[in-house]
Amino acid sequence: MRRSPRPGSAASQHKHTPNFYSDNSNSSMSVTSGDSCGHREYHERVRSQGQQLQQLQAELVKLHKEMSSVRAANSERVAQLVFQRLSEDFVRKPDYALSSVGASIDLEKTSQDYEDANTAYFWNRFSFWNYARPPTVILEPDVFPGNCWAFEGDQGQVVIRLPGRVQLSDITLQHPPPTVAHTRGANSAPRDFAVYGLQVDDETEVFLGKFTFNVEKSEIQTFHLQNDPPAAFPKVKIQILSNWGHPRFTCLYRVRAHGVRTSEGAGDSATGDAH
């Protein structure tokens, strides 16, 4: 009869000893499998983020190109505006009402300067000069806000002594636009005006036309005179008939007289409506 091993014997101990090697092997396999999944997920995230970075870089390159094209378009637009501005200011006609070529003001036939008890205060109030400008300022090319000749009211005149006898063809008036005026308006600008040529006797006036200076248009406006057949005059009169609403004075900035200068003995006769 076969006996069972006694408790505590070697056989009994061998039979009930746990298999530590088997447990460690299963645990190692589980860890290795988890690490593999973690690495796979990590690489997947890296790949996804790399694709996102590439898309972002492509969008940035596209945005940079669009911004460059916008800047180029704006630069071209600015250049066009500058050239347009320069072309507007460039009157391709000789100016015989420039003091530098010999023009002057006939003060005896010109309206009085605007005067007021608070003249200095008035001009300073609008950041203009603190003194009245003489009528000779209209014969200078320097046109900026405040550098004008002002006469009282909305009607007046100025007579320009030309550097010689000129067959007048056009008259140009210039006034700063309302956008750059310190008063935020151009109500002191001349509106309706008439032009006369003065004959040699200094008394006979020949009507050359009536015009309107529109402050809503260009600051430089040229008007064709009714001088046909052409007659030469030593003087020209600009008679302001109204302004754009200022109740106390009218400002005249620059006047240009265009035409052809003749010899002293030519062009003495003048036709038209004499006054």
Side-chain angles (χ1 to χ4, degrees), residues 87-111 135-141 143 148-149 151 154-175 189-244 250-275:
S87 63
E88 287 179 351
D89 198 331
F90 188 73
V91 180
R92 293 182 175 89
K93 297 177 182 294
D95 181 13
Y96 294 101
L98 272 174
S99 60
S100 59
V101 299
S104 60
I105 300 295
D106 187 341
L107 296 176
E108 294 183 357
K109 296 181 179 294
T110 297
S111 300
T136 53
V137 73
I138 70 172
L139 308 179
E140 302 294 338
V143 177
C148 65
W149 170 60
F151 59 85
D154 61 352
Q155 295 184 353
Q157 67 180 40
V158 59
V159 174
I160 301 173
R161 187 182 295 109
L162 303 173
R165 296 175 186 173
V166 179
Q167 292 180 353
L168 296 172
S169 61
D170 304 272
I171 286 290
T172 296
L173 296 189
Q174 182 174 356
H175 194 283
R191 185 170 183 168
D192 299 318
F193 67 98
V195 181
Y196 298 87
L198 273 65
Q199 292 185 353
V200 181
D201 60 9
D202 210 23
E203 295 295 337
T204 306
E205 298 179 350
V206 177
F207 178 74
L208 299 178
K210 180 182 177 181
F211 312 95
T212 298
F213 182 87
N214 191 344
V215 293
E216 299 298 330
K217 295 183 178 180
S218 173
E219 65 181 89
I220 302 175
Q221 299 176 33
T222 300
F223 306 90
H224 186 66
L225 301 177
Q226 303 168 12
N227 188 16
D228 188 23
F233 304 97
K235 296 181 182 180
V236 60
K237 182 175 82 171
I238 311 297
Q239 184 177 19
I240 307 300
L241 305 175
S242 64
N243 64 19
W244 283 91
T250 302
C251 277
L252 202 57
Y253 275 83
R254 186 180 178 188
V255 176
R256 310 185 200 188
H258 312 294
V260 178
R261 185 172 180 177
T262 64
S263 60
E264 293 300 324
D268 289 344
S269 62
T271 61
D273 298 330
H275 293 264

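Being a predicted model, the structure only gives us computed values, none of them experimental.
- Between Asp192 and Asn243, every side-chain heavy-atom pair lies at or beyond the 4.5 Å cut-off.
- Heavy-atom minimum distance, Ala97 versus Ala257: CB-N, 3.6 Å.
- The minimum heavy-atom distance linking Gln157 with Gln239 is given by the pair CB-CA, 4.1 Å.
- Annotation: side chain of Val91 is in contact with side chain of Ile220 (closest heavy-atom distance under 4.5 Å).
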* Asked: Given the rule in the side chain to side chain contact (heavy atoms under 4.5 Å, CB included) test, do His258 and Tyr96 qualify, once you have shown the distances and angles that lead to the verdict?
  -> CA-CA 6 Å; His258 312 294; Tyr96 294 101; 5.9 Å; no
* Starting from the C-alpha separation in whole Å, work towards a yes-or-no answer on side chain to side chain contact (heavy atoms under 4.5 Å, CB included) for Ile238 and Ile171. => CA-CA 9 Å; Ile238 311 297; Ile171 286 290; 4.2 Å; yes
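- Asn227 places none of its side-chain heavy atoms less than 4.5 Å from the side chain of Phe207.
- Remark: the Arg191 side chain and the Ser242 side chain contain no N/O donor-acceptor pair separated by less than 3.5 Å.
- Gln155 places a side-chain N or O within 3.5 Å of a backbone atom of Leu241 that can act as its donor or acceptor partner.
- For the residue pair Asp170 / Thr222, no side-chain donor-acceptor distance below 3.5 Å is found, with atom types taken as modelled.
- Taking 4.5 Å as the limit, every side-chain heavy atom of Gln221 sits out of range of all side-chain heavy atoms of His175.
- No side-chain heavy atom of Val166 sits under 4.5 Å from any side-chain heavy atom of Val260.
- Within the 4.5 Å cutoff, no side-chain heavy atoms of Thr172 are placed close to those of Asp95.
- Heavy atoms only, all atoms of each residue included: Pro190 and Leu252 are closest at CG-CD1, 3.9 Å.
- Here the closest non-hydrogen pair linking Leu107 and Pro135 is CD2-CG, 3.8 Å.
- Two residues are said to be in side-chain contact when any heavy atoms from C-beta on lie closer than 4.5 Å; Leu168 and Val236 meet this criterion.
- Every side chain to side chain contact (heavy atoms under 4.5 Å, CB included) that Pro141 has, sequence neighbours left out, goes to Leu98, Arg254.
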* To do: Might you work through the side chain to side chain contact (heavy atoms under 4.5 Å, CB included) test for Leu208 and Val206, ending with a clear yes or no?
  => CA-CA 6 Å; Leu208 299 178; Val206 177; 4.2 Å; yes
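- Looking at Val101 and Pro163, their side chains come closer than 4.5 Å, going by heavy atoms from C-beta outward.
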* To do: Check the pair Thr262, Arg165 against side-chain hydrogen bond (donor to acceptor under 3.5 Å, both in side chains), reporting the backbone distance first and the verdict last.
  => CA-CA 6 Å; Thr262 64; Arg165 296 175 186 173; over 6 Å; no
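- No hydrogens or angles considered: nothing links the side chains of Arg261 and Gln167 as a donor-acceptor pair under 3.5 Å.
- Scored by the ring-ring contact (aromatic ring centres under 6.0 Å, His included) test, Phe223 finds Phe193, Phe211 as partners (sequence neighbours excluded).
- Counting only N and O atoms by type, the side chains of His224 and Ser169 include no donor and acceptor under 3.5 Å apart.
- The shortest heavy-atom contact between Val137 and Cys148 is CG1-C, 3.6 Å.
- For Phe151, the ring-ring contact (aromatic ring centres under 6.0 Å, His included) criterion is met by Trp149, not counting sequence neighbours.
- Side chain to side chain, Thr250 and Asp154 fail the donor-acceptor criterion of an N or O pair below 3.5 Å.
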* Pair Lys235-Ile160, side chain to side chain contact (heavy atoms under 4.5 Å, CB included): steps then yes or no -> CA-CA 6 Å; Lys235 296 181 182 180; Ile160 301 173; over 6 Å; no
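- For Asp106 against Thr110, the heavy-atom pair with the smallest separation is O-OG1, 2.7 Å.
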